[in-house]
2 protein chains.
Amino acid sequence: MSKEIDFIKKRRSVRKFRKLPVTDEQVTRLLEAAMAAPSAVAKDPWRFIVVRRPEHLRTIAGFLPNGGFLPDADVGIIVCGDLDAAHSNSLSYLLQDCSAAIENLLLAASALDLGACWLGVHPREDRIENISKFCKLPENIIPVAVIAIGVPAIAPDPRTRYNPAYVRSEKWQ
Amino acid sequence: MSKEIDFIKKRRSVRKFRKLPVTDEQVTRLLEAAMAAPSAVAKDPWRFIVVRRPEHLRTIAGFLPNGGFLPDADVGIIVCGDLDAAHSNSLSYLLQDCSAAIENLLLAASALDLGACWLGVHPREDRIENISKFCKLPENIIPVAVIAIGVPAIAPDPRTRYNPAYVRSEKWQ
């Protein structure tokens, strides 16, 4: 097994953090990784809001039913898509492009020995509305997810959830 | 810069392939990586169809305006989502989960010194219809993309398209 694929399996969701800083340099590395993802017709519709202020993280946590731990993270990154920039102004492409960028960001966090967790926003209307209002997003900017990032307090074992039942050959049937 | 983040930047879209095989073992590694992605509420709605027969690759290429090179690839993987399995039966979560899995698959291909390219299917209705009919997909199975995979004939330079204009602090405005 190649080291790089082990590295993909090493990325696990982390929701417990130590009270240690994530540096601006590290955040830039994460965003470089995110923006190294492919996007439909290279439109790069992804946009990022880096949230560091504890009171902001607490407010955003209140919008996310499973995000109670967000204020324990040193940084939250709100990943949005610009519908005006997305290929064919398509929400589908926007979601696909942003999700590829998010996965790169999560893998980069793991590579930097940081912990991270993807907190879903889209398609929940209340979460979209609350975050849009709080962050003053223009109408064309769609919040997709919030990524909590910190120094991990846990180290889950690497894994894949590989399931051969999910793989077919040539055609579905 | 950590080696692992260089590895994210090393992943580039490859559309030119050598006439060399991608082994079944390599395909399994790619699928293990894909299924190591996070998914909403761990529903893992992703499904994969591994296409090897040249006549099938030619037919599928005919459905994809930018997929003329697909028959030059040794393998095509059709990535689909099961709407019945996705969290809340949501197309948005289905697209996000499948896209995270695809990005892992592309990174794993790069790690194995394979070349790969993401060919968009969703949300183009004609592509969805043609692929669904040809592969005999049930109604709940939504084709998201086709990934062309082969031994690369080119070696593009690593890069990010990092753009500081896409990053904001605390709020949008």
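Sequence lines set the chain letters: A, B, ... in the order given, protein chains first and strands last, and positions in each chain run from 1.
Of the listed residues (B:Y162, B:W172, B:W118), the greatest number of heavy-atom pairs within a distance under 4.5 Å of chain A belongs to B:W172. Here B:K136 is the residue among B:H87, B:K136, B:E25 with the most heavy-atom pairs under 4.5 Å with chain A. Per-residue counts of heavy-atom pairs under 4.5 Å with chain A were compared for B:E170, B:R53, B:R161; the largest is that of B:E170. Comparing A:N104, A:I131, A:L57, A:L95 by how many heavy-atom pairs each has under 4.5 Å with chain B, the most go to A:N104. Across B:A34, B:S88, B:C80, the residue that shares the most heavy-atom pairs under 4.5 angstrom with chain A is B:S88.
Surrounding CD of A:E139 are at most 12 heavy atoms belonging to other residues, nucleotides or ligands under 6.0 Å away. Applying the 6.0 Å contact sphere to CD of A:E125 captures no more than 12 heavy atoms from other residues, nucleotides or ligands. Other residues, nucleotides and ligands contribute over 12 non-hydrogen atoms within 6.0 Å of the CD atom of A:E55.
Under the 4.5 Å side-chain heavy-atom criterion for Ile, Leu, Val, Met, Phe, Trp and Tyr, B:I142 and B:F134 are members of distinct hydrophobic clusters. Both B:L105 and B:V22 belong to a single network of hydrophobic side chains, linked directly or stepwise wherever heavy atoms of I, L, V, M, F, W or Y lie under 4.5 Å apart. Grouping the Ile, Leu, Val, Met, Phe, Trp and Tyr side chains by contacts below 4.5 angstrom, directly or via other members, places A:V79 with A:M35. One hydrophobic cluster, built from ILVMFWY side chains closer than 4.5 Å, cannot hold both B:L20 and B:F17; they sit in different ones. Under the 4.5 Å side-chain heavy-atom criterion for ILVMFWY residues, no single connected hydrophobic cluster contains both B:L119 and B:V75.
A donor-acceptor pair under 3.5 Å is absent between the side-chain atoms of A:R168 and the main chain of B:R47, judged by distance alone. Judged by distance alone, the side chain of A:R12 and the main-chain N or O of B:P38 form no donor-acceptor pair under 3.5 Å. Checked by atom type and distance alone, the side chain of A:E103 never pairs as donor or acceptor with a backbone atom of B:A101 at under 3.5 Å. The backbone N or O of B:H122 sits less than 3.5 Å from a side-chain atom of A:Q96, completing a donor-acceptor pair.
Residue contact with chain A, scored on non-hydrogen atoms closer than 4.5 Å, involves the side chain of B:L106 exclusively. Both the backbone and the side chain of A:L137 come within contact range of chain B, judged by heavy atoms closer than 4.5 Å. Contact of B:I102 with chain A is not made at all, since no heavy-atom distance falls under 4.5 Å. Only the side chain of A:S90 has a heavy atom closer than 4.5 Å to any heavy atom of chain B. Within the 4.5 angstrom heavy-atom criterion, only side-chain atoms of A:I141, from C-beta onward, approach chain B. For A:V144, the parts sitting under 4.5 Å from any heavy atom of chain B are the backbone and the side chain alike. Residue contact with chain A, scored on non-hydrogen atoms closer than 4.5 Å, involves the backbone and the side chain of B:S39 alike. For chain B, the nearby parts of A:A100 are the backbone and the side chain; heavy atoms of each come within less than 4.5 Å. Proximity to chain A (any heavy atom under 4.5 Å) is shown, for B:A108, by both the backbone and the side chain. Using a 4.5 Å cut-off between heavy atoms, B:V27 does not touch chain A at all.
Looking at B:I5 and A:L107, their side chains never come closer than 4.5 Å, going by heavy atoms from C-beta outward.
The two residues B:A36 and A:I8 come nearest to each other via the heavy atoms CB-CG2, 4.1 Å. Across A:I49 and B:K171, no two heavy atoms sit closer than the pair CG2-N, 3.8 Å.
For the atom pair B:W46 CH2 and A:Y166 OH, the distance stands at 9.0 Å (nearest 0.5 Å).
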Quick one, A:N163 with B:D44, criterion side-chain contact (heavy atoms from CB on, under 4.5 Å). Give me CA distance, side-chain angles, the key distance, then yes/no. CA-CA 10 Å; A:N163 184 342; B:D44 297 1; over 6 Å; no
Go through it in stages, so that I can follow the logic: the residues are B:T28 and A:V167, the test is side-chain contact (heavy atoms from CB on, under 4.5 Å), and I'd like the CA-CA distance, side-chain angles, deciding distance and then a yes or no. CA-CA 10 Å; B:T28 301; A:V167 183; over 6 Å; no
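A donor and an acceptor atom, one from each side chain of B:Y93 and A:R124, are located under 3.5 Å apart. Side-chain atoms of A:S169 and B:R52 include no donor-acceptor pair closer than 3.5 Å.
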